[in-house]
Amino acid sequence: LDLVLRESDRLDRIVGEFLDFSKPRPRISTSFHLSDVVTEVLELLSHDPRRGSVQLAGEIPARLRLFADREQVKKVLVNLVLNSLQAMESSGQGTWITVGVRTMPGNVVLHVTDDGPGFAPEILASPFTPFVTTRADGTGLGLAMVERIARDHGGTARILNRPGGGSVVEVEFPPAPAEPNRPARRPPPPPAGDRPPLRGRGPAGDLGQRHLGGLGAGSGGDHRPSG
């Protein structure tokens, strides 16, 4: 019975991944704090039985915002962290996974780094080709889905092995536009009874008085006696 249940769960997962890849939902971009999504994903996967003693950490500036589809960014993170956990579980190698970020002109580069076994040569050669996998229970759709989500947002994705062991996956997303500067608020005008008298302003101010003075109709302008 346990074998039947495990195989049923595996088939459900394969079908679900295939449907997600073949029929993606429309992208709905909003502005959100990236750190919130990273915290949600790491909290969710901290309870995954494959985690064991692997340490999960997020290093995201609290004020950093993306303008992207929040659920798709979350899907990217889940795929990448799970991919690292599965590689560590099957190889028995690796103790930590870190989600970090670096900002560049025009985009934000999200990266998931681990000290696991790294990517196999055949994966490095065709990293985002659907159905290419080295795992017996894998679908080969996880990285392909990550790359497509990045491309849909106008970004790119890449994978590499770290020189000291482990792997890095980088995914680009657009940053949220900067909030416009708000104009300074003017203080409210004083009540009518407290307003100072007008001096040289308005229709009968300086220009009006000088104009009338020139016609001999006022005494406070520039009227001068002739010859």
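In this text, all values refer to a predicted model and were calculated from it rather than measured experimentally.
- Atom-to-atom distance recorded for L143:CG and T129:OG1 is 10.0 Å, nearest 0.5 angstrom.
- Looking at every heavy atom in both residues, R65 comes nearest to S31 through NE-OG, 2.9 Å.
- We find the CE-CD distance between M88 and Q93 to be 8.5 Å, quoted to the nearest 0.5 Å.
- At distances below 3.5 Å, not a single donor-acceptor pair connects side-chain atoms of S126 with backbone N or O atoms of I123.
- Applying the side chain to side chain donor-acceptor pair (under 3.5 Å) test between S167 and each of D114, N161, D115, T113 identifies D114 as the sole match.
- No side-chain heavy atom of R27 sits less than 4.5 Å from a side-chain heavy atom of I149.
- Minimum heavy-atom separation, P177 to F67: CD-CB, 4.1 Å.
- The side-chain contact (heavy atoms from CB on, under 4.5 Å) check on E59 picks up T98, with sequence neighbours excluded.
- Between S84 and V112, the shortest heavy-atom distance links the atoms OG-CG1, 4.4 Å.
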* Begin with the C-alpha distance, continue with both residues' side-chain angles, and end with the deciding distance and a verdict on side-chain contact (heavy atoms from CB on, under 4.5 Å) for D152 and D69. => CA-CA 10 Å; D152 287 348; D69 188 306; over 6 Å; no
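- Taking the side-chain contact (heavy atoms from CB on, under 4.5 Å) definition, one finds that E40 meets it with R70, K74, sequence neighbours left out.
- Neither W96 nor L82 shares a network with the other; the hydrophobic side chains, linked directly or stepwise wherever heavy atoms of I, L, V, M, F, W or Y lie under 4.5 Å apart, form separate groups for each.
- Residues T30 and L66 form no side-chain contact, since every pair of their non-hydrogen atoms from C-beta on lies 4.5 Å or further apart.
- Side-chain heavy atoms closer than 4.5 Å link hydrophobic residues (I, L, V, M, F, W, Y) into clusters, and following such links, even through other members, never connects V168 to V38.
- Both V146 and I60 are members of a single hydrophobic cluster when ILVMFWY side chains are connected at heavy-atom separations under 4.5 Å.
- The two residues G165 and R162 have their closest heavy-atom pair at O-NH1, 2.6 Å.
- Between V171 and A150, the shortest heavy-atom contact is CG1-CB, 3.5 Å.
- Atom CZ in R51 sits 10.0 Å away from atom CG in L42 (nearest 0.5 Å).
- Between E71 and K75 there is no salt bridge, since no side-chain N of the basic residue sits under 4.0 Å from a carboxylate O of the acidic one.
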* Test side-chain contact (heavy atoms from CB on, under 4.5 Å) applied to L160 and V169, step by step -> CA-CA 7 Å; L160 62 152; V169 183; over 6 Å; no
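- The side-chain heavy atoms of I97 and L45, taken from C-beta on, include no pair separated by under 4.5 Å.
- Side-chain contact between V76 and F173 is present, with at least one heavy-atom pair separated by less than 4.5 Å.
- Nearest heavy-atom pair across I159 and P127 is CD1-CB, 3.3 Å.
- For the atom pair CG of L34 and OG1 of T39, the computed distance is 9.0 Å after rounding to the nearest 0.5 Å.
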Show which side-chain atoms of residues 99-111 pair as donor or acceptor with protein atoms under 3.5 Å away, not counting sequence neighbours.
from: R102; atom 1: NH1; to: E170; atom 2: OE2; distance (Å): 2.9
from: H111; atom 1: NE2; to: V101; atom 2: N; distance (Å): 3.3

